[in-house]
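Worksheet: the structure to be examined is printed underneath.
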Amino acid sequence: MNAQRGSTEEPSLADLARRLRAADTGGWTPDGVNALADGLGWARGGTADRPVLITGLSSGDARLRPVGTYEERYTDGESYVELAVPVAAAASDAPAQAAAFRAAGEELTAALGRPSVMGSHGDMGPFYDSGPLWGAPFMRWRGSPDTLELRAGKAGPELVLQPTGPAENWFWRQGHGEEHALSGFFGSNRDPANAGLGFPGGWTARSWETVTRSLGDFLGALPAEAVALGVGFGMPFYGRTGGGAPLLFDVTCGDRLSIGCFAPDGVDAAALGWGTVAEHPATASVWRDDDPVWRVDAGGPGQPKGRALAEMLVATARAAGVAEPAGLIVGGEAAYVDGYHVTYYGLGLPTG
């Protein structure tokens with residue numbers, strides 16, 4: 001299928017990204033979007049509620065998101081808040097989806113440079129949209145007035161062109177402190193493109209059930225998102241008890257999720273579900289045979305049982321004497337991931 005009127009060859013992903021970044025969106029008004037479509041050689045289609053641009057790309061047509069009830073309070077004259085272009089389709093399982101995203105991300109990084117922002121939308125994307133169940137990673141090349149994002153779509157990765165102001169206004173205004181106000185995690189680097197980037201306040205988990213839910217969602221998707229983004233996570237968790245705040249857990253994730261437990265004397269770690277290196281031999285490449293003694297290999301993309309893992313960590317923390325959710329602390333070391341400073345908004349836990 002033709003990608004452009006008069007063209008007989010589809011552009012590469014890198015060329016498509018360059019064209020989108022260079023496009024004049026005209027303030028995202030109807031006239032501006034019509035001119036954008038003409039400039040790209042794409043025709044208007046769909047309905048008023050579900051408008052599309054007919055791209056001629058084998059990956060599918062592009063979706064326009066009109067400003068509606070959930071978007072209007074964050075806009076400033078725009079009629080649309082994003083144009084999403086599917087760029088690849090993959091099988092629905094987490095390994096296939098993560099691999100497709102990883103391949104697209106590597107091609108775009110080679111063409112555009114490292115993204116200035118990366119992270120996961122968690123279970124709540126921009127303007128309260130829901131993402132795929134396997135994970136919701138994104139890479140973002142921030143700009144003005146528009147930003148280009150590689151986002152996990154429901155069938156595969158998508159390139160999303162969006163006006164920078166509304167998307168960031170939405171994100172900023174979710175920092176109102178209510179439980180689960182924000183999900184996922186957000187990382188930025190020192191790219192000059194991030195000048196003026198604002199960061200919303202987080203929220204605090206008020207019950208162990210909230211911690212179990214948020215931690216379960218995070219751990220269940222983490223290997224797939226780490227593979228998709230091409231990064232690794234090292235996250236110590238400390239527990240504030242009457243005797244200080246000793247290290248309780250070491251969460252390590254690249255292509256597999258491994259969790260080490262430093263249970264204090266008097267806590268029956270085996271009864272709580274922890275095993276040893278003999279039971280989880282894959283963890284031998286992460287830690288020495290006897291430090292930590294207790295550990296679990298949770299598997300790769302799509303394999304971790306997030307809820308069960310979270311229940312085990314919460315039960316262990318409480319058995320160790322952590323009295324309240326605010327006493328489970330994400331170590332400050334976790335904030336540094338491959339040159340990005342990361343905030344784990346979706347956990348609702350303090351960092352220190």
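In this chain, numbering begins with 1 at the start of the sequence shown.
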Problem - Non-hydrogen atoms of Val227 and Gly254 that approach each other most closely - result: CG2-O, 3.9 Å
Practice task
Can you spot which of Phe199, Phe186, Tyr74 makes a ring-ring contact (aromatic ring centres under 6.0 Å, His included) with Phe171?
Solution key: Phe186
Practice task
Name all residues meeting the ring-ring contact (aromatic ring centres under 6.0 Å, His included) criterion together with Phe237; count only those two or more places apart in sequence or in a different chain, and write none if there are none.
Solution key: none
Handout entry: Basic-acidic side-chain contact under 4.0 Å: Arg114, Asp338
Key = yes
Exercise for the section: Would you mind checking if Arg142 and Asp191 are paired as a salt bridge, meaning a charged N to carboxylate O distance below 4.0 Å? Expected result: no
Exercise for the section: Would you please classify the geometry between the Phe138 ring and the His121 ring as parallel, tilted or perpendicular, with 30° and 60° separating the classes? Expected result: parallel
Exercise for the section: For the pair Glu82 and Arg151, find out whether any cationic side-chain nitrogen is under 4.0 Å from an anionic carboxylate oxygen. Expected result: yes
Problem - Under 3.5 Å donor-acceptor, Thr55 side chain and Gly60 backbone - result: yes
Problem - Charged N-O contact under 4.0 Å between Arg213 and Glu209 - result: no
Problem - Side-chain ion pair, Arg318 and Glu311, N-O less than 4.0 Å - result: no
Handout entry: Side chains of Thr25 and Asp146, donor plus acceptor under 3.5 Å
Key = yes
Practice task
Ignoring hydrogens and angles, tell me if any N or O in the side chain of Gln174 forms a donor-acceptor pair with the backbone of Trp170 under 3.5 Å.
Solution key: yes
Exercise for the section: Would you kindly say whether Thr252 and Ser258 are connected by a side-chain donor-acceptor distance under 3.5 Å? Expected result: no
Practice task
Evaluate ring-ring contact (aromatic ring centres under 6.0 Å, His included) for Phe185 paired with Tyr340, printing each intermediate quantity in order.
Solution key: CA-CA 11 Å; Phe185 55 89; Tyr340 293 87; over 10 Å; no
